[in-house]
Amino acid sequence: MPELPEVETFARQIKPQVLNKKIVDFNVFEKGQRLIAPTSSDEFRNRLIGSRFLSLNRHGKFLILDLDNSWQIIAHLRMSGRFTITKAKPDKHVHNRLYVKFEDSTYLNFIDTRRFATFHLIADIKNSQSLNRLGLDALSGDWTQIRLCSVLQRHSKSIYKCLLDQSIISGIGNIYANEALFLSKINPDTAAQALSQASCARLLKNIIYILSTAINFKGTTLLDNSYIDIDGGTGEFSKLLNVYARANKQCKVCGAIIKRKKVSGRSVFYCPKCQH
DNA sequence: AGGGGTACCTGCGGGC
DNA sequence: TGCCCGCAGGTACCCC
C-alpha cells in the first residue's frame, strides 16, 4: 500500500502527536517480533522508555524517527503497515503489532495485516544499508530535468522499472508510476535511455504533480481499504486515477480501452492509444 | 546491468 | 455453500 504520499500523510498526522513527549511504555505483540528484528523487544524498551522523539522525517517510503539519546528508528510500512493514535491501550487481537505510550497517555499504535513492515533501531543513520541505497527522494527540490535525464541515460531497462527502482528515484510505487507515465504519454516499456529531453521534462513535472496532488488528497485508498490514515479517513486520490486498477475500462482522455499486463510479476496499466 | 523467479504474509473476491 | 486460485500498494535475494 503505502507509497510516498501515504507515508507523507502518516508523517504529517503523527508528528504533532508524538514529538517531544516522554515515552513511558513500549510493547511489541507476539506476532510483531519479526517487525523489530534483529533487535529484541527488551532492547527496544530500554532505548525508548524515558526518551523522546525529537524529529520525524521521510525519505522515499521510509520514516526516520530521531530519539533524544541519539538512537534512531527507521520504519518501512511495506504493503499494509499503518498507524493509529488512541487514548486507550490497544487490544491484543487482530493486526496490532506494537505501540508506544507517551506521558500524556496517548498511544501510537502500529498495525500491519501482512507483517512485511520493518522497524530498525540503529545507533547511527549512516550505517543504515536500506537508507544508503536510496536515490534522491522524488519530491526533493534537487531534481531538475537535466538531472533526471542524465540519471535515466545510464539505464537500458524500461522507464517503468526505473521509476519503481528506489535506488534511482525514491518514493514512487506501482500506482503513481503508472499514473505519472500516463500523464506524460510515455509507454511503460520505453527504454529509459531512449527518452527525449522533452519526455524527461514532462515526466518530472508529472511525477511532482501526481505526488503532491496525492498528498493533498491524503493518498489513495483502493477498494480493499487496506490504507486508512490515522483518523480512519480514506485517501481520495483514488477518484483521480486514470489507469491504475482500471483495466478494460475506457481511457478518460481518448476513450480507448485501458490495458493491463505483467512486467516481472507486477501489473502495469496503460492506455495503448495515449501511450503508444 | 538487467531479466526473471521466489519468498516473506494475510485477506479478499471470482469461478466452479 | 465451500474450496481453490489468483491477486495486492514492497523489497531482498537468487540464478542466468
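In what follows, every chain begins at residue 1, and chains take the letters A, B, ... in the order their sequences are listed.
Scanning atom types as modelled, one donor and one acceptor separated by under 3.5 angstrom connect the side chain of A:Ser226 and the base of C:dG9.
Within the shown strands, nothing qualifies as a pairing partner of C:dG9 under the Watson-Crick or G-U definition with both distances less than 3.5 Å.
The aromatic ring of A:Phe116 is stacked on the base of C:dG10, with the two ring centres less than 5.5 Å apart and the planes inclined by under 30°.
Between A:Leu131 atom CG and C:dG10 atom P the separation is 17 Å, expressed in whole Å. Taking atom CG on A:Asp112 and atom C1' on C:dG10, their separation rounds to 11 Å, with Å as the unit. Rounded to whole Å, atom P of C:dG9 lies 13 Å from atom CG of A:Leu223. Taking atom CG of residue A:Asp189 and atom P of nucleotide B:dG4, one finds them 10 Å apart after rounding to whole Å. Across the protein-nucleic acid pair, A:Leu164 atom CG and C:dG10 atom C1' stand 10 Å apart, rounded to whole Å. The CZ atom of A:Arg78 sits 12 Å away from the C1' atom of C:dC13 (whole-angstrom rounding). Rounded to whole angstrom, the span from the CD1 atom of A:Ile168 across to the C1' atom of C:dG10 amounts to 16 Å. Taking atom CZ of residue A:Arg115 and atom C1' of nucleotide C:dA12, one finds them 18 Å apart after rounding to whole Å.
Taking the P atom of each, C:dC5 and B:dT6 are spaced 15 Å apart, rounded to whole Å. Using atom C1' as the reference point in both B:dG2 and C:dG9, the two lie 24 Å apart (nearest Å).
Along DNA chain B, the nucleotide closest to A:Lys31 and the one closest to A:Lys161 are compared, and the more 5′ of them pairs with A:Lys161. Between A:Arg154 and A:Gly265, it is A:Arg154 whose nearest contact on DNA chain B lies nearer the 5' terminus.
Ion pairing between a basic and an acidic side chain is recognised when a charged N comes within 4.0 Å of a carboxylate O; A:Lys89 and A:Asp25 show no such pairing. A:Glu30 has no carboxylate O lying under 4.0 Å from a charged side-chain N of A:Arg97, or vice versa, which leaves the two without a salt bridge. Of the charged side-chain nitrogens involved, at least one lies within less than 4.0 Å of a carboxylate oxygen, so that A:Arg58 and A:Asp137 count as a salt-bridged pair. A salt bridge links A:Asp165 and A:Lys157; the closest N-O separation between the charged side-chain nitrogens and carboxylate oxygens is under 4.0 Å. Remark: A:Lys218 does not engage A:Asp231 in a salt bridge, criterion side-chain N to carboxylate O under 4.0 Å.
Between C:dA8 and A:Lys262, a contact under 4.0 Å exists linking OP1 or OP2 to a side-chain N or O. For C:dA8, one of the phosphate oxygens OP1 or OP2 lies less than 4.0 angstrom from a side-chain nitrogen or oxygen of A:Ser267. Applying the 4.0 Å criterion to OP1 and OP2 of B:dA1, one finds that A:Ser156 has every side-chain N and O outside that range. For C:dG9, the OP1/OP2 oxygens have no side-chain nitrogen or oxygen of A:Lys61 closer than 4.0 Å. Contact between the side-chain N/O atoms of A:Arg133 and the OP1/OP2 oxygens of C:dA12 is found at a separation under 4.0 Å. Distances shown here put every side-chain N or O of A:Tyr176 at or beyond 4.0 Å from the OP1 or OP2 atom of C:dG9. A:Arg266 has a side-chain polar atom (N or O) that falls below the 4.0 Å cut-off from OP1 or OP2 of C:dG10. In this model, the phosphate group of C:dT11 is approached by a side-chain N or O of A:His76 to a distance below 4.0 Å at OP1 or OP2. The side chain of A:Gln166 contributes no N or O atom lying less than 4.0 Å from OP1 or OP2 of C:dG10.
When atom types are taken as modelled, the side chain of A:Gln193 and the backbone of A:Gln153 share a donor-acceptor pair closer than 3.5 angstrom.
Closest to the A:His95 side chain, of the nucleotides B:dG2, B:dT10, B:dG4, is B:dT10.
At the heavy-atom level, A:Leu222 lies under 4.0 Å from base atoms of the strands shown.
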